[in-house]
Protein chains: 2
Amino acid sequence: MTLAQRSPTEKPDTDALALEGFLPYRLARAAEIISRQFATLYRERHGLTRPEWRTLATIGQFKRITATEIGAHSSMHKTKVSRAIRALEDRNWITREIDQTDRRIEHIELTREGRSRYRDLVVLARTYEARLIDTLGETGAGQLEAGISAIETRIGEA
Amino acid sequence: MTLAQRSPTEKPDTDALALEGFLPYRLARAAEIISRQFATLYRERHGLTRPEWRTLATIGQFKRITATEIGAHSSMHKTKVSRAIRALEDRNWITREIDQTDRRIEHIELTREGRSRYRDLVVLARTYEARLIDTLGETGAGQLEAGISAIETRIGEA
DNA sequence: CTGCCATGGTTGCTACTGCAACTGTTATGT
DNA sequence: ACATAACAGTTGCAGTAGCAACCATGGCAG
């Protein structure tokens, strides 16, 4: 089941497209592999989903923040953010406080428990990232980062 | 809504993690952007979903193939493949033929219509990829590819 | 040949996703 | 001041996902 190299018996056609060489596919696949690997860590350790992890990471990064800002910062649709916030609130990892001068807005902060979890998550993330870079090698990791940067700067939006 | 640079008012904490600098996040985001861009093309033009596109691309690449092989080649769960195959069959883009020596296996091929669609999809894909590489620049694209290769070779599976 | 395990593919169930529509609130134009 | 638009956040809904259980078939050991 190692896939790309597990080529079927029939021979490829000349003017066919090789999926395994198609850049968008390769990028999607690579991201998926990394994402899953890392997700396993925080899921097993803290029972978080991907949107919840991103939300928590964003709240921890800015001590006080609104839902809209979380979405903007973490590239998530507002419904995802809304549901993640509720889930985190239900666990008492965060609190909301309605802004008194503009009551549409809620300011979100970590609770004591939330801060504790966040600190652990940060260590987990840094460790995973370090291990990843080590696995890829300085060169490979550097190239990957440069390539991503190109996408970030040359292609603005989702 | 350009996000990463749309930083909230509060200042980051020193021992917080900067999500926008976290490699797994950046990779996931980059892949998402590209994936969505490309998906818009084949969705608008042929009404295909992402699993359907991958499935069709794989069938077209190998003229005759089984469902399991499709999954292995395109990194998709077998249920995704199963459902994509059914959808494509319903549109008469593919046919199934049960192997007579092992009746568990179905051999899948494109119909005339399917081949026509596939040819168009290949052009679409090549064009998009070329445009993407052009946008990223030879250097950026090369680095991205090298980085992805590092992941592919150093980290085997999903 | 017979019982048991493995394999190819499908389906039921539950969770997650995004879109659009909604509520409540603030900003704007006249 | 009042109608209308814009905005923050939530919810209903319809599609899509993955897991596990399933069916049918075939391989293999005794």
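Per chain, numbering begins at 1; letters A, B, ... match sequence-line order. Computed from heavy atoms alone, side chains included, the values below leave out hydrogens, waters and symmetry copies.
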Within the structure, does a side-chain N or O atom of His77(A) lie under 4.0 Å from either OP1 or OP2 of dT17(C)?
-> no

Which one, dG9(C), dT10(D), dG18(D), comes nearest to the side chain of Glu106(B)?
-> dG9(C)

Indicate yes or no: does Glu113(B) engage Arg91(B) in a salt bridge with an N to O separation below 4.0 Å.
-> no

May I ask you to check whether Tyr42(A) and Glu52(A) show a side-chain donor-acceptor distance below 3.5 Å?
-> no

Using a cut-off of less than 4.0 Å, is there contact between a side-chain N or O of Arg103(A) and OP1 or OP2 of dG24(C)?
-> no

Phosphate contact (dT11(C) OP1 or OP2) by Arg86(B) side-chain N/O below 4.0 Å | yes

Give a yes/no answer on whether the side chain of Lys78(B) brings an N or O atom under 4.0 Å of OP1 or OP2 in dT10(C).
-> no

Would you kindly give the CG-to-C1' distance between Asp99(A) and dA27(C), to the nearest whole Å?
-> 15 Å

Indicate whether OP1 or OP2 belonging to dG9(D) is found under 4.0 Å from a side-chain N or O atom of Ser82(A).
-> no

Starting at atom CD1 of Ile85(A), determine the distance to atom P of dT10(D), rounded to an integer number of angstrom.
-> 6 Å

Specify the separation, in whole Å, of atom CD1 of Ile94(A) and atom C1' of dG9(D).
-> 13 Å

Quick one: is dT16(D) close enough that its OP1 or OP2 comes under 4.0 Å of any side-chain N or O from Lys80(B)?
-> no

So does Arg83(A) reach the base of dG12(D) with its side chain, donor to acceptor, closer than 3.5 Å?
-> yes

Interatomic distance where CZ belongs to Arg104(B) and P belongs to dG27(D) [whole Å] = 6 Å

Check for a donor-acceptor pair, side chain of Thr111(A) on one end and backbone N or O of Asn92(A) on the other, with a separation under 3.5 Å.
-> yes

Using a 4.0 Å heavy-atom cut-off across all strands, classify Arg96(A) as base, sugar-phosphate, or nothing.
-> sugar-phosphate

Nearest whole angstrom, please: distance from the P of dG8(C) to the CD1 of Ile70(B).
-> 13 Å

Is there a side-chain polar atom (N or O) of Thr66(B) under 4.0 Å from OP1 or OP2 of dG8(C)?
-> no

Let me know the distance between CD1 of Ile108(A) and C1' of dA8(D), rounded to the nearest Å.
-> 11 Å

Basic-acidic side-chain contact under 4.0 Å: Glu152(A), Arg29(B) | no

Any side-chain heavy-atom pair of Ser75(A) and Arg54(A) under 4.5 Å | yes

note: Glu97(B), atom CD; dG8(C), atom P; distance rounded to Å ~ 18 Å

Between Ile98(A) (CD1) and dT25(C) (P), how many Å, whole number?
-> 9 Å

Short side-chain N/O contact from Thr68(B) to OP1 or OP2 of dG9(C), under 4.0 Å = yes

Candidates dG9(D), dG18(D), dG9(C) - which lies nearest the side chain of Ile105(B) | dG9(C)

